[in-house]
Amino acid sequence: DNFIEHLWISFFYSHNIAPEQDIPIVIQINDTLCCLLRDLRALLENSEIDSDKCYHCSQALIYTVMVMPEINWSAPMPDVLIKVLGLIKNNIRDKLTTQKLVDYPFRQFLINYIRLEAKFHNSSDL
């Protein structure tokens, strides 16, 4: 009754599976995963599905699986590269110059830095 033969959850992660990783990946189900699977199943079987709870339980399940010793991840892509790829994806029909690709992540970094500095200097909790 508590057995779930297949469960598919789609997600994006900035790391890729390491080239030396055996495929398919087989993980051992531990007590933590059993509890999360049981909780998720109960949430999904509820007639009034609470999508926020399902989302957070699914996230907990994904994070737990991602740190399993059976999975070897490659190094993450640098944040700047992720931002440039996002810029290309979101502006696929526009003319993107090299200068625009170089400027974009740095400009975003400065904007975020300035926002953080402003929050830091205006905080009354310090």
Side-chain angles (χ1 to χ4, degrees):
D1 186 37
N2 288 326
F3 182 71
I4 298 176
E5 187 175 333
H6 297 285
L7 176 68
W8 295 93
I9 297 178
S10 178
F11 65 97
F12 172 78
Y13 186 46
S14 61
H15 293 77
N16 291 318
I17 298 294
E20 64 274 5
Q21 173 69 54
D22 291 333
I23 303 292
I25 300 170
V26 178
I27 56 173
Q28 298 299 313
I29 302 296
N30 59 27
D31 291 340
T32 303
L33 288 174
C34 280
C35 288
L36 288 167
L37 289 167
R38 194 176 309 117
D39 290 350
L40 183 58
R41 181 178 182 179
L43 288 168
L44 292 171
E45 289 176 346
N46 189 336
S47 61
E48 294 182 21
I49 294 177
D50 184 331
S51 59
D52 284 340
K53 287 183 181 179
C54 287
Y55 173 76
H56 292 298
C57 189
S58 298
Q59 269 192 320
L61 181 63
I62 290 168
Y63 290 143
T64 302
V65 169
M66 288 170 52
V67 298
M68 301 292 289
E70 295 92 343
I71 303 176
N72 296 314
W73 298 99
S74 61
M77 287 191 287
D79 287 343
V80 170
L81 180 56
I82 292 170
K83 287 179 180 180
V84 168
L85 291 173
L87 177 70
I88 292 168
K89 179 181 176 185
N90 294 328
N91 297 282
I92 197 74
R93 297 176 190 260
D94 297 342
K95 182 178 180 182
L96 292 173
T97 63
T98 303
Q99 190 62 47
K100 186 173 183 179
L101 293 173
V102 170
D103 287 347
Y104 174 75
F106 185 67
R107 217 173 323 140
Q108 286 300 112
F109 168 77
L110 285 178
I111 289 168
N112 290 334
Y113 178 76
I114 291 166
R115 282 186 193 141
L116 289 173
E117 283 293 306
K119 287 179 184 176
F120 178 76
H121 291 297
N122 294 330
S123 175
S124 59
D125 297 332
L126 298 177

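Contact detail for Cys34 and Ile29: the closest heavy-atom pair is SG-CG2, 3.4 Å. Annotation for Leu43 and Cys57: closest pair CD1-CB, 3.8 Å, computed over non-hydrogen atoms.
Here Ile71 contributes atom CD1 and Gln21 contributes atom CD; the two are 6.5 Å apart, rounded to the nearest 0.5 Å. Rounding to the nearest 0.5 Å gives a distance of 11.0 Å between CG of Leu44 and OG of Ser51.
Here Ala18 pairs with Glu20, Asn72 under the side chain to side chain contact (heavy atoms under 4.5 Å, CB included) rule; sequence neighbours left out. By the side chain to side chain contact (heavy atoms under 4.5 Å, CB included) test, Ser74 pairs with Asn16, sequence neighbours left out. By the side chain to side chain contact (heavy atoms under 4.5 Å, CB included) test, Cys35 pairs with Arg38, sequence neighbours left out. The side chain to side chain contact (heavy atoms under 4.5 Å, CB included) test applied to Glu70 returns Ile27, Gln28, Met68, not counting sequence neighbours.
Heavy atoms from other residues, nucleotides or ligands lying under 6.0 Å from CG of Asp31 number 12 at most.
Residue pairs that meet the salt bridge (charged side-chain N to carboxylate O under 4.0 Å, His left out) test with at least one member in residues 45-66, sequence neighbours left out, are Arg41-Glu45. Pairs engaging residues 42-67 under the ring-ring contact (aromatic ring centres under 6.0 Å, His included) rule: none recorded [sequence neighbours left out].
Under the 4.5 Å side-chain criterion, counting only non-hydrogen atoms from C-beta, Leu61 is in contact with Leu33.
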